[in-house]
Chemist: 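A single structure is presented below for examination.
Chain letters run A, B, ... following the sequence lines, proteins first and then strands; every chain starts at 1.
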Amino acid sequence: MLKVVVVGNGMVGHHYVEQLVASEVEAQVTVIGGETRPAYDRVHLSEVFSGRSPEDLALTTRDRYIELGVEAHFGDFVASIDRENKTVTTESGKQYAYDKLVLATGSYPFVPPVKGNDLEPCLVYRTIDDLGMIQAQAKDRKVGVVVGGGLLGLECANAVKNLGLETHVVEFAPGLMGVQLDNGGSAMLRRKIEALGVQVHTSKATQVIEENSDGDTRLVMQFADGGSLETDMIVFSAGIRPYDQLARDCGLTVGERGGIEVDYHCKTSDSDIFAIGECALFGGRIFGLVAPGYRMAEAAVSQLGNDSVAFQGADMSTKLKLLGVDVGSIGDAHGKEEGSVAYTFSDERIDVYKRLIVSADGKKLLGAVLVGDCSDYDTLLQYFLNGIDLPADPQTLILPYNAGDAPALGAAALPATATICSCHNVSKGDIVAAMDGGACSLADVKSETAASTGCGGCAALLKNIVDDEMAARGLEVNKAMCEHFNFTRQEMFHLIKVGSIKTFEELLEKHGTGRGCEICKPTAGSILASLWNDYILEEKHVGLQDTNDNFLANMQKNGTYSVVPRIPGGEITPDKLIVLGQVAKKYSLYTKITGGQRVDLFGARVQHLPAIWEELIEAGFETGHAYGKALRTVKSCVGSTWCRYGVQDSVAMALYVENRYKGLRSPHKLKSAVSGCTRECAEAQSKDFGVIATENGWNLFVCGNGGMKPRHADLFATDLDDETLIKYIDRFLMFYVNTADRLQRTSVWMDNLEGGLDYLKQVVIEDSLGIAAELEEQMNNVVGTYQCEWKTTVEDPEKLKRFRQFVNSEAEDRDIIFVEERGQPRPATEEEREQILAKSA
Amino acid sequence: MSNTQQALEPQTITLCGLSDLIPNSGICAEVDGQQIALFYLPSETPQVYAIGNWDPIGKANVLARGIVGDIDGRLVVASPLYKQHFDLLTGECLEDDQVSVAAFSVTLVADQVLLSL
Ligand SMILES: Cc1cc2nc3c(=O)[nH]c(=O)nc-3n(C[C@H](O)[C@H](O)[C@H](O)COP(=O)(O)OP(=O)(O)OC[C@H]3O[C@@H](n4cnc5c(N)ncnc54)[C@H](O)[C@@H]3O)c2cc1C
Ligand code: SF4
Ligand code: SF4
Ligand code: FES
């Protein structure tokens with residue numbers, strides 16, 4: 001079999017392995033990675049500082065490679081290549097033979113050759129290990145300097161700032177991000193960053209770094225202009241250099257300023273050796289972004305099979321958030337093209353700068369710079385990438401517009417080849433093909449094509465295209481929930497709220513037709529409950545509820561019910577535990593401990609429910625709402641009270657959260673969890689909202705879930721105090737209740753919000769819609785009117801009437817038959833039941 | 001009730017009173033071991049409906065606990081187990097024409113629900 005050896009297991013090397021394994025090529029793959037861990041997501045490296053664990057960044061694991069049949073070695077660098085004998089040798093002396101060799105060694109941070117750059121806290125920012133060192137050195141220190149004011153330098157500055165250090169950026173050039181921004185954009189970025197408290201020093205050449213023997217800080221930097229700066233730590237982020245020594249040593253052609261030269265097929269000067277990613281030089285350029293690296297990996301894999309794909313260079317346009325500032329750069333940002341003309345818009349009140357570079361004839365977009373507001377980025381990028389003719393007045397593309405007349409580029413105008421998602425290389429054609437193949441919603445298209453599942457930058461554009469295609473297919477998404485109401489749940493919610501509608505009859509009369517059904521009735525019932533929090537068994541609501549809501553218990557397959565008392569945070573006293581056992585015994589119930597840290601009792605006959613609950617309520621239990629689309633459980637770990645790692649009292653927080661939101665009716669069930677530290681024993685990241693303790697407070701995660709399509713929650717906010725945490729959860733939940741569709745869990749809801757997570761943050765954290773106060777009030781209203789539905793029920797003889805098995809006799813349902821298994825009752829199977837019934841007849 | 005009358009009219013049984021019914025919802029009665037799901041829809045004519053309580057698809061006695069409504073103009077109850085619809089007048093299953101449940105004739109007379117046998 002073909003022996004393929006891949007040197008380097010960074011993002012691109014890993015992508016190569018994945019692509020190769022998935023291709024039809026039969027190969028025996030060996031991976032040699034210099035870092036001690038398998039490939040991880042370097043692009044999101046900085047998120048480790050805001051609460052992500054290194055494991056979360058992992059792109060693969062050792063086990064995964066074993067499963068794929070890939071032999072992988074980590075923590076050993078390849079030291080030399082013997083092209084004659086086709087072997088490589090590692091630093092630890094191991095030798096591997098290859099038929100094809102792939103160099104994916106990436107690059108390393110450039111450290112300027114300044115005297116003293118090797119003193120103790122002089123660091124770089126490239127790997128997870130680097131982060132650990134920065135974190136360790138920052139502890140109990142005051143000042144941090146980042147050398148380099150480019151894209152990576154500023155990202156690093158953000159990290160240093162988040163570590164609580166006074167942060168300085170020292171840049172050799174006169175402006176920040178000189179590669180991507182023109183002078184105007186660069187100046188605006190500087191203003192914004194300085195406003196955030198980061199001190200920027202441009203045109204500074206560092207001459208020497210010395211130990212600071214007599215000051216508070218550890219180091220002093222001396223600059224060529226005579227100035228100096230005291231600091232505790234220096235992080236160099238002044239550019240990258242390709243790891244090409246291996247290639248040099250074995251005589252492969254390398255570029256004048258480094259980089260292993262490759263052709264369209266990513267072949268080096270030795271046709272059995274490929275180079276891909278940041279170590280490769282193509283057309284005289286290094287591509288320092290991950291997407292072009294992926295394309296190279298795909299091109300290199302294709303050379304081993306039948307269909308050869310060429311790498312043709314890549315667009316280096318970028319959009320990112322640096323220190324919270326939106327920055328975008330497209331194409332020829334500096335207007336180098338001869339005869340090009342520029343349009344510039346700048347608003348210093350709100351610190352927004354936008355610039356367009358247009359061809360001499362005014363027809364094509366050549367480049368753009370955006371600082372402070374990137375909302376036009378997607379549209380501009382499409383004009384640029386697809387050579388679409390500009391409108392007669394190109395400046396309208398960047399001028400502030402009144403809502404409603406946004407000059408959005410119609411999705412229909414894009415050619416099929418237009419790249420919509422560059423992370424996953426999905427073109428408009430791919431999306432259309434997926435829809436031809438049956439994908440008929442945004443969520444379907446996402447899971448079919450992977451579009452918009454990377455950085456998420458393409459979400460809005462993707463939605464436009466999907467909507468547009470739907471319309472084109474006459475597939476006008478049927479929003480009607482059923483034949484009685486031509487509305488979505490959200491629209492129904494508004495109608496009920498705005499019209500102060502209190503009953504289903506009123507709603508039907510004003511806005512519906514017919515008599516309703518099992519779809520619209522419970523939906524209306526749930527909305528009425530979330531808005532007015534009436535006792536759901538009020539006579540006027542009874543007919544609206546699912547049997548589960550009506551009998552305040554979950555119907556099981558044989559028509560009996562389960563009884564699920566609330567056990568907030570999973571904390572329960574021995575006495576209460578004993579009561580559960582006694583009740584279960586008395587009514588012959590099957591008992592099981594569930595994943596939500598509760599004890600469920602199964603097999604209750606409808607006529608026994610009130611008596612069972614009376615006993616449970618007597619012992620201090622409340623309903624667990626397991627029957628409702630409502631808050632279910634808030635799991636917790638034991639937290640700082642018992643656990644030696646815990647940093648906060650997770651149980652107390654879980655109890656508070658569960659007690660606050662219990663009874664909240666919502667479009668779908670809601671689950672939550674609280675962990676006492678980042679070890680995350682409560683699995684909060686698989687919940688609709690999860691809380692993880694940090695040294696300084698709580699990190700909030702949202703929109704995760706287990707179940708059929710598990711989804712990791714997204715980090716929403718960090719280091720919150722108790723009060724802010726609850727405030728954000730209040731707003732988040734109420735916004736969900738107000739706007740989600742029927743049976744839409746939080747994850748799908750967020751995926752369908754235009755703008756996704758960022759938008760949600762704006763609404764909840766920054767109150768961009770101005771509704772935060774209203775949401776909080778709504779929540780307070782729900783919390784204030786909470787009642788245990790079972791308590792209300794058992795206290796009212798009228799209501800108890802409904803729990804009779806038969807209105808006209810005291811008999812039991814004889815078709816409900818149990819048999820014993822493992823010492824507990826379980827429903828008889830059909831066969832068993834027939835046998836038993838035949839015997840007794 | 002006189003003997004002559006009994007001979008002329010079909011036999012009826014009183015199942016329950018009006019106050020036992022729940023508007024726009026169902027309850028269950030038992031006659032000779034047979035379970036009957038009884039629905040009360042105050043704004044329809046007639047106001048009461050009765051079909052077998054046994055759900056032949058879910059295989060349990062549950063139809064009385066389903067949600068009532070209309071589908072294409074037919075009054076139906078949706079089984080709480082797997083949500084198939086049964087016609088309140090005929091007992092037919094809307095999703096599967098091979099399946100149906102018994103339909104009974106009930107009337108509301110002087111606040112009493114009478115079942116005709
Ligand atoms: C903080 C930060 C933020 C970034 N943000 C973005 C962004 O927003 N968007 C974007 O597109 N890109 C971003 N990048 C760039 C992106 O991470 C790189 O383009 C990408 O990781 C390149 O992948 P690679 O596999 O070529 O190199 P690397 O990921 O560097 O992997 C190379 C691997 O090879 C190993 N190696 C080197 N030599 C040897 C040897 N002799 N033997 C064995 N192993 C060896 C190295 O240790 C390393 O693990 C960012 C980078 C950083 C550091
Ligand atoms: S999450 Fe942390 S505090 Fe909680 S049990 Fe696990 S290790 Fe302990
Ligand atoms: S996983 Fe399936 S079988 Fe198990 S409880 Fe959920 S729905 Fe029922
Ligand atoms: S462009 Fe990053 S997810 Fe689509």
Chemist: Does a side-chain heavy-atom distance below 4.5 Å link B/Arg65 with A/Asn550?
Modeler: no
Chemist: Look at atom NZ of B/Lys83 and say whether more than 12 heavy atoms of other residues, nucleotides or ligands are closer to it than 6.0 Å.
Modeler: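 Yes, the 6.0 Å shell around NZ holds more than 12 heavy atoms from other groups.
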Chemist: Do other residues, nucleotides or ligands put more than 12 heavy atoms under 6.0 Å from A/Glu509 CD?
Modeler: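 Open: at most 12 neighbouring heavy atoms sit under 6.0 Å from CD of A/Glu509.
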Chemist: I need the B/Cys28 SG to A/Arg802 CZ distance, nearest 0.5 Å.
Modeler: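 Here the rounded value is 13.5 Å.
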Chemist: Rounded at 0.5 Å granularity, tell me how far CZ in A/Phe806 sits from CD1 in B/Ile36.
Modeler: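 Going from CZ on A/Phe806 over to CD1 on B/Ile36, the span is 10.0 Å.
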Chemist: For the residue pair B/His85 and A/Glu518, what are the closest heavy atoms and their distance?
Modeler: NE2-OE1, 2.8 Å
Chemist: Is there a side chain to side chain donor-acceptor pair (under 3.5 Å) between A/Asn808 and B/Glu30 once you walk through the steps?
Modeler: CA-CA 7 Å; A/Asn808 58 348; B/Glu30 186 193 37; over 6 Å; no
Chemist: Please name the pair of heavy atoms, one in B/Ala29 and one in A/Val807, separated by the smallest distance, quoted to 0.1 Å.
Modeler: CB-CG2, 3.9 Å
Chemist: Pick one of side chain, backbone, both or neither for B/Asp72, based on which atoms fall under 4.5 Å of a heavy atom in chain A.
Modeler: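 Both backbone and side chain.
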Chemist: Determine the minimum heavy-atom distance between A/Gly559 and B/Ala60, stating which atoms define it.
Modeler: N-CB, 4.0 Å
Chemist: Quick one, A/Lys557 and B/Lys59 - any side-chain contact, counting heavy atoms below 4.5 Å?
Modeler: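 Heavy-atom side-chain distance check fails, nothing below 4.5 Å.
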Chemist: Which heavy atom of B/Ser25 sits nearest to which heavy atom of A/Gly543, and what is that distance?
Modeler: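 So the minimum-distance heavy-atom pair works out to CB-CA, 4.4 Å.
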Chemist: Does atom CD (A/Glu821) have a neighbourhood of more than 12 heavy atoms from anything else shown, all under 6.0 Å?
Modeler: yes
Chemist: How far does CG of B/Leu15 sit from OG of A/Ser809, to the nearest 0.5 angstrom?
Modeler: 11.0 Å
Chemist: Side chains of B/Leu41 and A/Arg515: closer than 4.5 Å at any heavy-atom pair?
Modeler: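 The answer is no; the side chains never approach within 4.5 Å.
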Chemist: Show the nearest heavy-atom pair for residues B/Pro80 and A/Met555, with the distance to one decimal.
Modeler: CG-CE, 3.7 Å
Chemist: With a 4.5 angstrom heavy-atom cut-off, is it the side chain or the backbone of A/Leu544 that approaches chain B, or both, or neither?
Modeler: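 Just the backbone, heavy atoms under 4.5 Å.
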Chemist: Taking every heavy-atom pair that is under 4.5 Å apart, which of A/Pro522, A/Cys520, A/Cys517 has the most such pairs with chain B?
Modeler: A/Cys517
Chemist: Out of B/Leu81, B/Val62, B/Asn61, B/Val77, return the one with the most heavy atom pairs under 4.5 angstrom to chain A.
Modeler: B/Asn61
Chemist: Would you indicate whether the side-chain heavy atoms of B/Gln35 and A/Asp813 approach each other to under 4.5 Å?
Modeler: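 A/Asp813 vs B/Gln35: side chains touch.
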Chemist: Roughly how far apart are B/Asp20 CG and A/Arg804 CZ, rounded to 0.5 Å?
Modeler: 4.5 Å
Chemist: Out of A/Gln805, A/Gln556, A/Glu483, A/Arg833, which one racks up the most heavy-atom pairs below 4.5 Å with chain B?
Modeler: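 Option with the greatest count: A/Glu483.
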Chemist: Count the heavy-atom pairs under 4.5 Å between each of B/Asn24, B/Asp70, B/Ile71 and chain A, then report the option with the highest count.
Modeler: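 Sorted descending by pairs with chain A, the first entry is B/Asp70.
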Chemist: Could you report the tightest heavy-atom contact between A/Arg814 and B/Gly33, atom names first, then the distance?
Modeler: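 Residues A/Arg814 and B/Gly33, closest heavy atoms: NH2-CA, 3.4 Å.
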Chemist: Under 4.5 Å from any heavy atom of chain B, what part of A/Asn558 do you find: side chain, backbone, both or neither?
Modeler: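 Backbone of A/Asn558 only, per the 4.5 Å heavy-atom cut-off to chain B.
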